[in-house]
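Labels below follow one simple rule: chain letters A, B, ... track the order of the sequence lines, proteins then strands, and each chain is numbered from 1.
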There are 2 protein chains.
Amino acid sequence: MAARYIQIKNAIKKQILSNTWQVGEKIPSERELAAEHGVTRVTLQKAMHMLEQEGLIERIHGKGMFVTRAIEDDVFMLNDGTSDSVQGFSREFREQAKISSRLICHQLLPADKTVSRHLEINEGEPVHFIRRVRLIDGEPVLVEDSWINRSVIPVIPSKILEEGSLYEYIEHTTSKKIKFYSSVIEGDLFGDELAGLLSIQPGRPMLKVSGVTKLEDGTAFNYSFSYNRADKFKIKNNWVGK
Amino acid sequence: MAARYIQIKNAIKKQILSNTWQVGEKIPSERELAAEHGVTRVTLQKAMHMLEQEGLIERIHGKGMFVTRAIEDDVFMLNDGTSDSVQGFSREFREQAKISSRLICHQLLPADKTVSRHLEINEGEPVHFIRRVRLIDGEPVLVEDSWINRSVIPVIPSKILEEGSLYEYIEHTTSKKIKFYSSVIEGDLFGDELAGLLSIQPGRPMLKVSGVTKLEDGTAFNYSFSYNRADKFKIKNNWVGK
DNA sequence: TAGTGGTCTAGACCACCTG
DNA sequence: AGGTGGTCTAGACCACTAG
């Protein structure tokens with residue numbers, strides 16, 4: 001049972017996406033929407049603040065709330081922290097396109113200094129190391145290296161790595177939600193090895209995203225690097241003041 | 001007079017940064033901190049949620065709130081939406097390093113289709129076009145192109161563009177705060193022209209950030225592209241669930 | 001069981017915008 | 001003046017974690 005403000009957020013989001021109001025049009029006031037959904041203003045505000053963060057509405061003090069123009073897209077948008085939950089690559093894109101994975105490597109390795117620091121475990125402790133090439137509609141678009149905390153998931157079926165969603169598998173086996181994802185975005189060029197895995201020329205631009213993913217109880221379970229073809233991905237970011 | 005939760009956020013942030021608690025240590029509970037600052041839990045929670053978003057603390061249901069390890073840095077972090085306000089390049093970095101600008105171009109141009117759409121004005125309406133090279137400690141690190149709504153700031157002194165902070169100038173002359181910044185991050189390679197302006201080799205990687213900046217009354221006043229040397233900048237992103 | 005964060009209510013007052 | 005979002009109070013109950 002999701003929180004009331006999440007339900008309301010999704011309900012209003014659905015209304016916006018189904019063009020209940022025109023772009024730029026004023027939507028009902030907080031007080032009206034609160035009454036309509038049978039909640040107080042504070043609860044409704046939590047929902048609306050999320051929609052503002054997601055870039056669907058604009059809130060203007062003294063004026064009201066307005067529908068924002070939806071952003072058009074030619075390339076894929078990496079998760080920018082505007083959805084309810086961290087999806088992971090598979091869940092993020094499987095609605096939009098046929099995604100698949102090629103498992104390059106899966107073994108247990110002792111954690112080095114960097115990995116152990118990010119996973120908050122002792123250096124030398126064995127962790128899963130996984131390298132996968134991810135494909136969208138059969139075309140390789142990124143290489144992802146993951147170091148995964150073995151105490152969170154002792155075994156990872158290869159089937160999951162090749163066909164399923166790892167995050168879904170983890171949420172299922174641990175019965176805990178994913179709660180936190182901290183990432184750093186950098187630009188770089190593809191070198192020979194990674195370019196080879198993606199069948200592209202070395203020297204092409206990449207968006208490198210590295211980060212740590214945690215469960216709701218604070219356990220860090222995944223430290224990852226993904227090397228994305230810059231011609232296939234963008235990252236959107238909304239900043240809302242106050 | 002800033003809101004109470006902003007003051008409290010900054011006060012606790014200061015405590016964290018001055019090592020009042022160790023990294024990983026539990027800080028006082030919401031109820032304690034609320035009593036200490038003389039506010040209710042909801043108000044205190046707004047402050048703590050911001051600190052969580054900024055990556056300074058971790059909130060774990062049933063356990064408490066914990067200080068997060070501060071991130072170490074070798075390169076400059078572009079604004080990731082975790083500060084109170086959009087600073088702009090000058091304000092963002094002038095505490096950390098000697099920043100300066102080289103004004104390449106400043107003229108009025110009719111807005112083309114893209115610019116007019118982002119600034120929410122009519123096509124053909126004249127806008128400021130500004131190209132600047134930004135330097136950190138005397139080294140050119142990025143090229144920024146800005147299209148600025150002339151109805152928001154009719155004239156822009158060249159002195160501001162070369163020495164001061166444009167955003168500060170705009171907040172001052174309009175007496176409105178900057179409220180919204182929506183950006184898209186892409187990776188690319190430097191071509192001859194931009195590489196020449198930065199005195200680097202063409203083909204080096206860039207982080208391209210484009211976006212729109214708005215005032216608190218919803219007026220879009222700046223549409224910009226910045227071409228950042230990827231070896232000088234990173235972008236940090238925190239995602240917190242729910 | 002006691003303590004923690006997560007959610008929600010039913011008000012209130014303020015700051016801002018428009019006619 | 002009337003409507004809008006922004007902030008805040010003083011409670012309440014729930015869900016999760018620990019000993």
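- When the C1' atom of D:dG6 is taken as reference, atom CE of A:M48 falls 15 Å away, rounded to whole Å.
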The dot-bracket string of DNA chain D, counting Watson-Crick and G-U wobble pairs with both distances under 3.5 Å, using [ ] for crossing pairs and | for pairs to another strand, is ||||||||||||||||||.
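- Using a 4.0 Å cut-off on heavy atoms, none of the residues of residues 20-32 of chain B approach DNA chain D.
- Per the geometry, NZ belonging to A:K177 stands 12 Å off P belonging to D:dC16, to the nearest Å.
- Shown here are the ring pair (Phe, Tyr, Trp, His ring centres under 6.0 Å) partners of A:Y5, two or more places apart in sequence or in another chain: there are none.
- In this structure, the ring pair (Phe, Tyr, Trp, His ring centres under 6.0 Å) partners of A:H128, at least two apart in sequence or on a different chain, are A:H106.
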Test side chain to side chain contact (heavy atoms under 4.5 Å, CB included) on A:V184 and A:V209; report intermediate values, then the result.
CA-CA 6 Å; A:V184 174; A:V209 182; over 6 Å; no
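- Following rounding to the nearest Å, A:H49 (NE2) and C:dC8 (P) show an atom-to-atom distance of 15 Å.
- Residue B:K179 is the one, among B:K179 and B:R41, whose nearest nucleotide of DNA chain D lies closer to the 5' end (criterion: closest heavy atom).
- Residues of residues 3-11 of chain A having a heavy atom closer than 4.0 Å to DNA chain C, listed by number: A:A3, A:R4, A:Y5.
- Every residue meeting the side chain to side chain donor-acceptor pair (under 3.5 Å) condition with A:E144, not counting sequence neighbours, appears here in chain and number order: A:R132, A:R134.
- For B:Q45, the side chain to side chain donor-acceptor pair (under 3.5 Å) partners are B:E30, not counting sequence neighbours.
- Spacing between atom CD of B:Q45 and atom C1' of D:dA10 amounts to 14 Å, rounded to whole angstrom units.
- For A:Y181, there are no ring pair (Phe, Tyr, Trp, His ring centres under 6.0 Å) partners two or more places apart in sequence or in a different chain.
- Following rounding to the nearest Å, A:L44 (CG) and D:dT7 (P) show an atom-to-atom distance of 15 Å.
- Classification of the B:W147-B:F129 ring pair by plane angle, with boundaries at 30° and 60°, yields tilted.
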Scan nucleotides 15-19 of chain C against the protein and return all N/O pairs shorter than 3.5 Å with their distances rounded to 0.1 Å.
{"from": "C:dA15", "atom 1": "N3", "to": "A:H61", "atom 2": "NE2", "distance (Å)": "2.8"}

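- Screening residues 154-175 of chain A for ring pair (Phe, Tyr, Trp, His ring centres under 6.0 Å) gives A:Y167-A:F221 as the qualifying pairs, with residues at least two apart or on separate chains.
- The residue B:V42 sits close to a base: some heavy atom pair falls under 4.0 Å.
- Side-chain N/O atoms of A:T43 include one lying less than 4.0 angstrom from OP1 or OP2 on C:dT9.
- Here the closest non-hydrogen pair linking B:S29 and B:M65 is C-CE, 4.1 Å.
- For B:F66, the ring pair (Phe, Tyr, Trp, His ring centres under 6.0 Å) test picks out no residue, with sequence neighbours left out.
- Two residues are said to be in side-chain contact when any heavy atoms from C-beta on lie closer than 4.5 Å; B:L215 and B:I178 meet this criterion.
- A:V212 is not listed as a side-chain neighbour of A:N222, based on a closest heavy-atom distance of 4.5 Å or more.
- For the pair B:H37 NE2 and D:dC8 P, the computed distance is 13 Å after rounding to whole Å.
- For B:E58 and A:K179, the salt-bridge test fails: no basic side-chain N is under 4.0 Å from an acidic carboxylate O.
- Rounded to an integer number of Å, the gap from CZ of A:F66 to P of D:dT4 is 11 Å.
- Every pair passing side-chain hydrogen bond (donor to acceptor under 3.5 Å, both in side chains) that includes a residue from residues 8-25 of chain B is listed here, sequence neighbours excluded: B:K9-B:E54, B:K9-B:D84, B:K13-B:E54.
- Within the 4.0 angstrom heavy-atom criterion, no nucleotide atom of any strand lies near B:G241.
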